[in-house]
Structure formats: structure tokens, C-alpha cells
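Counting starts at 1 for both ligands and their atoms, in listed order. Please read these numbers as outputs of a predicted model, since none were measured by experiment.
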Amino acid sequence: MSNGTILVVEDDLGLREALVDTLLLGGFRCIEASDGASALVQLNQNPIDMVISDVQMAGMDGLTLLKNLRAKDCQLPILLMTAYGSIDAAVEAMRYGATDYLSKPFAPQVLLDQISRYMRAQPVETDQPVVGDPSSKQLLTLAARVAQSDASVMVLGPSGSGKEVLARYIHNRSKRSGAAFVAINCAAIPDNMLEATLFGYDKGAFTGAVQACPGKFEQAQGGTILLDEITEMDLNLQAKLLRVLQEREVERLGSRKTIRLDVRVLATSNRDLRLAVEQGRFREDLYYRLNVFPLTWPSLAQRSGDILPLANHLLGRHASRSGLPQPIIAACAVERLSCHSWPGNVRELDNVMQRAMILCNGERLTAADLFIDGEAFSSPIVNNPIAAEAMVEAPRVATQAKDLSSDLKHQEFQIIQDALKTLGGSRKGVAEKLGLSPRTLRYKMAKMRDEGYEIPA
Ligand SMILES: Nc1ncnc2c1ncn2[C@@H]1O[C@H](COP(=O)(O)OP(=O)(O)OP(=O)(O)O)[C@@H](O)[C@H]1O
């Protein structure tokens with residue numbers, strides 16, 4: 001997914017910078033505000049997908065900002081950062097409609113995990129899934145045929161394999177393409193909020209329901225709803241969902257008015273559905289209702305003909321986002337991409353291409369620009385030909401290369417740490433001295449932080 005835009009509201013400049021660095025690394029766009037009032041201005045001027053705000057700020061504090069935001073938009077995800085141990089502030093935040101809260105201090109990964117739980121689904125930029133493997137081409141042809149009907153479709157496949165891309169493709173190829181496509185990730189929303197999110201609620205239906213809000217089904221009226229990771233839905237809610245699907249009508253929470261629905265339902269799961277039914281974790285009647293037409297997108301390793309076309313496509317996407325020309329993938333990089341098993345599927349490939357775009361210095365993307373998790377990495381700063389060699393040979397000498405890589409990474413972090421100390425913490429100075437772009441430096445510093453290196457102030 002293009003990860004979306006986050007408004008970061010924090011009056012402490014240092015902390016705001018650290019938050020922004022972490023979020024940029026996570027692939028999000030960021031807009032900054034130092035208090036509640038300027039946050040409201042930013043919100044009026046920019047499309048925002050999520051807000052992260054401190055509670056204690058001079059001027060308009062986080063809770064007042066929260067109330068203002070909720071009055072304008074009842075669905076915008078808002079995360080509040082509360083001081084450690086400040087239970088009262090956290091409870092109050094939730095009462096006034098915060099989506100969740102983070103208690104300070106928190107690790108960067110905790111922040112990123114919370115964000116991915118609540119981030120609004122982002123439009124996927126490509127209309128047509130990119131494929132190259134004969135099996136994927138067949139699957140697309142089948143999906144295009146299924147799209148013409150109004151049947152429920154269950155898209156199966158491992159995490160990151162492109163299930164949402166396929167679901168959007170079905171919507172775009174259907175007669176409903178002119179209407180909304182509404183995706184909801186059933187695993188990302190806490191059980192007690194999922195029902196209200198799906199079916200909507202009336203004012204006063206529960207504490208914090210300060211105004212009526214339509215649910216996702218209503219928003220998808222005339223179009224398609226995607227129930228992502230449906231097997232994660234709790235059994236009680238599965239029963240309510242089944243009723244909505246059977247009756248084709250919905251009642252908002254706290255309301256007696258029924259609303260007729262004209263919505264096509266698509267669902268995804270990365271579990272073995274039959275097994276989930278056998279284990280009593282997924283209702284059999286719901287299984288049959290949703291599984292009218294199952295389509296399975298296998299792991300990337302099982303359709304290796306897709307790897308290179310996808311790598312080029314994803315690289316092009318990152319190049320155009322950074323306003324840079326798209327590099328050509330050199331033969332050594334192609335070999336490395338083809339050798340890897342891609343346990344994280346297309347999402348992992350996307351991350352690798354994003355990093356490669358940052359690391360790549362010229363028109364050619366080489367094996368040394370591919371930073372694959374769990375494999376050797378040759379640093380652009382410590383430009384060591386032995387390490388580059390070790391990377392190309394990675395499948396054969398993985399263990400040796402891994403040791404060398406971690407050694408090089410340590411040296412590189414040491415160099416950055418020393419430069420920061422010498423230059424009194426000036427990032428601009430360090431970037432210039434080491435010949436790195438500010439973005440690459442930020443990326444490396446965030447990695448250092450993750451690995452427990454101390455960053456001189
Ligand atoms: N065939 C494809 N063509 C273009 N982009 C793709 C393709 N498959 C996956 N992607 C990209 O890979 C990323 C992951 O895809 P997607 O979110 O559809 O996977 P998923 O199977 O739904 O993942 P999850 O199970 O974690 O929800 C997205 O950035 C998407 O744009």
C-alpha cells in the first residue's frame with residue numbers, strides 16, 4: 001500500500017523529529033504541527049489519513065484538539081500519546097473518541113504497529129495487478145470473468161501476496177466500478193469497535209458516540225465492500241454479519257431503522273478456511289455464503305515469473321514518488337532477486353525496492369543495493385568490494401557473508417556516531433561530510449536507534 005499521510009502534532013521539536021523519521025522510514029508521508037491550533041489549520045489544507053498527537057501541549061492541548069477533530073470527522077483515526085502511567089488521560093482520550101493511545105516512551109516498532117492497525121485503507125495506485133508468470137495470468141483472466149457476476153468472492157493467499165490488489169481489480173472490472181470500493185481490515189480494528197465500524201451507529205449509541213456515523217456497508221452502497229482478513233472476526237460478530245448478508249439490510253447500532261443494502265461482498269483471508277471452520281473459529285454458514293467463488297493467489301515463490309516484472313513496477317513507483325529516474329536492474333541484482341524465497345511476498349519485495357531506491361547511486365541498481373532482511377548487506381559508506389562479492393555469492397556463503405555484513409554495518413554505524421559527535425549532532429553536517437542524502441542518513445539513524453545505538457544529541 002502507499003502508506004498514507006499522517007499529521008504529527010507534538011510541541012517538543014526533538015521528539016517530533018524522531019517521530020517523523022520513524023514514520024518516513026515506515027513509508028508514510030508526514031505533516032507536522034507544533035500545537036492543536038496549527039494542526040487544525042493543516043487539516044483544512046491537506047488530505048490527512050491519520051493524526052498522532054501529544055496530549056500535553058501549550059496552547060490547544062491534545063484533548064481539545066481531539067474534540068474538535070471528532071466534531072468534524074467521526075472516522076479519522078486519531079492516536080494520542082500520553083505520559084507513562086497517566087491512566088486518567090488515557091481513559092479521557094478514549095472517552096472523547098481517540099482511536100487508541102500510546103503511553104510514552106514507546107519503541108518505534110510499537111508506533112508503526114499501532115499505525116498499521118488503524119490506518120485508513122489506501123488506494124492502490126495500480127489498476128491492473130502486475131503479473132508475468134503464466135499461472136498469475138490465468139488467475140487474472142479468471143478474476144475478470146468472475147468480476148462480471150455479482151457473486152461473493154473469497155480471495156485467499158499468504159500475507160502480502162496481493163489479495164487486496166486482486167480484490168480491487170475485481171471491483172474495477174465489475175459493473176459497480178463507478179461506485180465506491182470500501183476496504184476494512186477486520187484484524188486491525190478492536191473487536192468492540194468493529195461492529196460499529198461495519199454497521200454504523202446513532203448518536204448516543206455508546207459513550208463517545210457524539211454524533212451519528214454511517215458504517216462501512218452504507219459507505220459501500222452501490223459498490224463493493226472488501227472484508228479483509230475475515231477469519232479474524234469474532235464469532236458473535238460473524239453471526240451478525242451473516243444476518244446482514246442474508247437480509248441485505250443493516251441497522252445502525254442504537255437505531256431501529258433498517259437500511260436496504262446493494263453491496264457486493266468480497267473477503268480475504270490468509271488462513272486455511274476449511275480448517276478454521278473445522279476448528280470452530282469460523283462459522284460454516286458464513287463460509288458458504290462468502291466462498292461462492294474462491295480465488296487463490298499463491299506465494300511469490302510459487303510464481304517466480306512475477307518477481308522481475310513486479311520488481312520493476314515497484315521500483316518505478318518509488319522512483320516517481322521521489323521524482324527520480326527509474327534505474328535499470330543489473331544482472332547481478334536480477335540473480336539475487338530470483339534466488340530469494342520472499343517469505344513476506346510482494347510486500348517484502350516492495351520494501352526491498354524502496355530501500356534499493358534510497359541506496360542506489362546511479363542509473364544501475366546492483367546486487368549491493370539490495371538490502372534483503374536476513375541476508376548480507378554491503379554498505380555504500382564502507383565501500384568494500386569483498387562485501388559486494390560476498391552478497392552476490394550470498395546463497396552459497398550466506399553465513400560468512402552475514403558475519404561480514406554485520407561487521408560492516410557496525411563499522412558504518414560507528415562512523416556515523418563519530419561524525420555526529422564531532423559535528424555536535426548536526427545531521428546536515430554529517431550528511432555532507434559522509435556524502436549521504438539527508439534521507440539516507442535519517443534512514444540509517446533510525447536503524448541505529450532500532451539496534452540500540454546511542455545517537456548523540
Ligand atoms: N500483482 C501486483 N501488482 C502490483 N502491486 C502488487 C501486486 N501484488 C501486490 N502488490 C503490492 O504489494 C503490496 C501488498 O499487497 P496487498 O496489500 O494487496 O497484499 P495482501 O495479500 O492483501 O496482504 P495482507 O494479507 O497482509 O493484507 C501492496 O503495496 C501492493 O500494491
Side-chain angles (χ1 to χ4, degrees), residues 1-4 26-29 49 112-113 115-144 147 153-173 181-189 224-233 266-273 276 290 294-321 326 337 340 342-357 373:
M1 283 190 204
S2 136
N3 294 344
F28 300 96
R29 287 180 292 275
D49 300 301
L112 292 175
D113 288 348
I115 288 170
S116 14
R117 282 188 78 187
Y118 300 118
M119 178 56 92
R120 285 176 168 174
Q122 297 301 301
V124 177
E125 288 160 19
T126 170
D127 175 22
Q128 172 95 10
V130 174
V131 293
D133 200 89
S135 66
S136 301
K137 289 182 185 168
Q138 258 178 17
L139 182 70
L140 273 200
T141 312
L142 186 58
V153 179
M154 177 65 86
V155 185
L156 299 165
S159 180
S161 56
K163 297 186 292 298
E164 186 173 338
V165 174
L166 193 60
R168 279 179 193 274
Y169 176 71
I170 294 172
H171 169 73
N172 290 340
R173 287 302 200 94
F181 174 88
V182 176
I184 175 156
N185 187 332
C186 304
I189 302 186
T224 308
I225 190 166
L226 171 64
L227 303 171
D228 212 357
E229 302 197 39
I230 184 84
T231 28
E232 306 312 305
M233 187 182 282
L266 309 179
T268 77
S269 175
N270 48 27
R271 289 186 189 273
D272 178 337
L273 269 188
L290 291 174
L295 291 176
T296 302
W297 201 312
S299 70
L300 188 54
Q302 286 172 280
R303 45 186 169 108
S304 55
D306 286 348
I307 297 175
L308 200 54
L310 271 169
N312 265 308
H313 164 76
L314 298 166
L315 189 64
R317 190 155 90 178
H318 292 299
S320 81
R321 274 186 204 159
Q326 179 175 348
L337 290 170
H340 185 59
W342 302 109
N345 297 298
V346 188
R347 183 166 298 114
E348 182 187 1
L349 178 61
D350 192 20
N351 290 341
V352 168
M353 296 328 279
Q354 184 177 7
R355 290 179 200 144
M357 200 55 225
D373 285 344

> Can you find an N/O atom of Ser161 closer than 3.5 Å to an N/O atom of ligand 1?
Replying inline: yes

>> Contact between ligand 1 and Arg317 is defined here as a heavy atom of the residue under 4.0 Å from a ligand atom; is it met?
In response: yes

> With a 4.5 Å heavy-atom cut-off, do Val346 and Val165 have their side chains touching?
Replying inline: no

> Is Ser116 reaching over with its side chain to a backbone N or O of Leu112, donor-acceptor style, under 3.5 angstrom?
Replying inline: yes

>> Applying a heavy-atom cut-off of 4.0 Å, say which part of Asp350 lies close to ligand 1: side chain, backbone, both or neither.
In response: side chain

> Can you check whether Pro129 has an N/O within less than 3.5 Å of an N/O in ligand 1?
Replying inline: no

>> Is there a polar contact, in the sense of an N or O pair closer than 3.5 Å, between Val346 and ligand 1?
In response: no

> Touching ligand 1 at all, Gly157? Heavy atoms, strictly under 4.0 Å?
Replying inline: no

>> For Ser304, is there any backbone N or O sitting under 3.5 Å from a side-chain donor or acceptor partner on Trp342?
In response: no

> Should one rank Gln128, Gln354, Glu229 by closest heavy-atom distance to atom 27 (O) of ligand 1, which comes out on top?
Replying inline: Glu229

>> Please check this pair: side chain of Gln326 against backbone of Asn312, looking for a donor-acceptor N/O pair closer than 3.5 Å.
In response: yes

>> We want to know whether Thr268 and Asp228 form a side-chain donor-acceptor pair, criterion being a heavy-atom distance below 3.5 angstrom.
In response: yes

> By number and element, which atoms of ligand 1 are closer than 4.0 Å to a non-hydrogen atom of Trp297?
Replying inline: 1 (N)

>> Measuring from non-hydrogen atoms of Leu310 to any atom of ligand 1, is the shortest distance under 4.0 Å?
In response: yes

> So is there a nitrogen or oxygen of Ser159 less than 3.5 Å from a nitrogen or oxygen in ligand 1?
Replying inline: yes

>> Below the 3.5 angstrom mark, is there an N/O of Val131, backbone or side chain, next to an N/O of ligand 1?
In response: no

> Does Pro298 offer a backbone N or O that forms a donor-acceptor pair with the side chain of Arg303 under 3.5 Å?
Replying inline: yes

>> Just to check, does Thr268 reach to within less than 4.0 Å of ligand 1 when the distance is taken from its heavy atoms?
In response: no

>> Suppose I only count heavy atoms of Val130 and a 4.0 Å limit; which atoms of ligand 1 are within that range?
In response: 1 (N), 2 (C), 3 (N), 4 (C)

> Evaluating non-hydrogen atoms only, which member of Ala187, Ser116, Gly160 is closest to atom 23 (O) of ligand 1?
Replying inline: Gly160

>> Treating Asn345 as the side-chain partner and Arg347 as the backbone partner, does any N or O pair qualify as donor plus acceptor under 3.5 Å?
In response: no

>> Restricting to non-hydrogen atoms, name the atom on Ile230 and the atom on Ser269 that form the minimum distance, rounded to 0.1 Å.
In response: CG2-CB, 4.4 Å

> Quick check: does any side chain N or O of Lys163 sit under 3.5 Å from a backbone N or O of Pro158, one acting as donor and the other as acceptor?
Replying inline: yes

> With distance as the sole test, does Asp306 use its side chain to make a donor-acceptor pair with the main-chain N or O of Gly132 at under 3.5 Å?
Replying inline: yes

> Between Asn345, Leu300, Asp228, Val165, which one has a non-hydrogen atom sitting closest to atom 6 (C) of ligand 1?
Replying inline: Val165

